Amino acid sequence: MTTDTQVETVCFSTRGQVVIPRKLRKKFEIQQGTRAIVYEEGDHIVLKPMTKAYLKSLRGSLKGIGLLQSLAAERQREREQ
């Protein structure tokens with residue numbers, strides 16, 4: 001966290017739902033129906049909204065990686081869990 005970061009607290013509902021504060025929804029262009037990627041990173045829960053800007057930033061990110069090999073390796077890791 002940087003020194004200019006404002007911290008807000010939120011509460012989880014019984015169903016695990018949480019409301020993202022309005023400032024953050026505006027900043028990250030989150031609108032009704034926006035999907036998000038959720039994953040664990042160390043002791044953090046990371047929530048990345050899949051906005052148009054985010055999807056545009058991914059263009060070309062898989063170029064030259066060997067997508068089929070990458071997919072096969074990921075499926076293998078899932079089976080091992």
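Remember, it's a predicted structure, so these values are computed and weren't measured experimentally.
Among residues two or more places apart in sequence or in another chain, the side-chain contact (heavy atoms from CB on, under 4.5 Å) test is passed with E8 by P21, K23. Residues passing the side-chain hydrogen bond (donor to acceptor under 3.5 Å, both in side chains) test with R15: none are found, sequence neighbours excluded. In terms of the side-chain hydrogen bond (donor to acceptor under 3.5 Å, both in side chains) criterion, Q31 has no residue partners (sequence neighbours excluded). Not counting sequence neighbours, Q32 has no partner by the side-chain contact (heavy atoms from CB on, under 4.5 Å) test. Residues passing the side-chain contact (heavy atoms from CB on, under 4.5 Å) test with F12 are V18, sequence neighbours excluded. Residues forming a side-chain contact (heavy atoms from CB on, under 4.5 Å) with Q76 (at least two apart in sequence, or on another chain): R79, E80.
Considering NZ of K48 and CD1 of I37, their distance stands at 7.0 Å, rounded to 0.5 Å. Here I30 contributes atom CD1 and R22 contributes atom CZ; the two are 13.5 Å apart, rounded to the nearest 0.5 Å.
Side chain of R35 to backbone of P49: no donor-acceptor contact under 3.5 angstrom is found.
Y39 is connected to M50 through a chain of hydrophobic side-chain contacts under 4.5 Å among Ile, Leu, Val, Met, Phe, Trp and Tyr, so both are in one cluster.
For the pair E40/I45, no side-chain contact is recorded, criterion being any heavy-atom separation below 4.5 Å from C-beta on. L24 is not listed as a side-chain neighbour of Q6, based on a closest heavy-atom distance of 4.5 Å or more.
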- Item | Residue pair V10, Q17: steps toward the side-chain contact (heavy atoms from CB on, under 4.5 Å) verdict | CA-CA 10 Å; V10 296; Q17 298 168 323; over 6 Å; no

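In terms of heavy-atom proximity, V38 sits nearest to L47 at CG2-CD1, 3.3 Å. Counting all heavy atoms, side chain and backbone alike, T34 lies closest to E29 at OG1-O, 4.3 Å.
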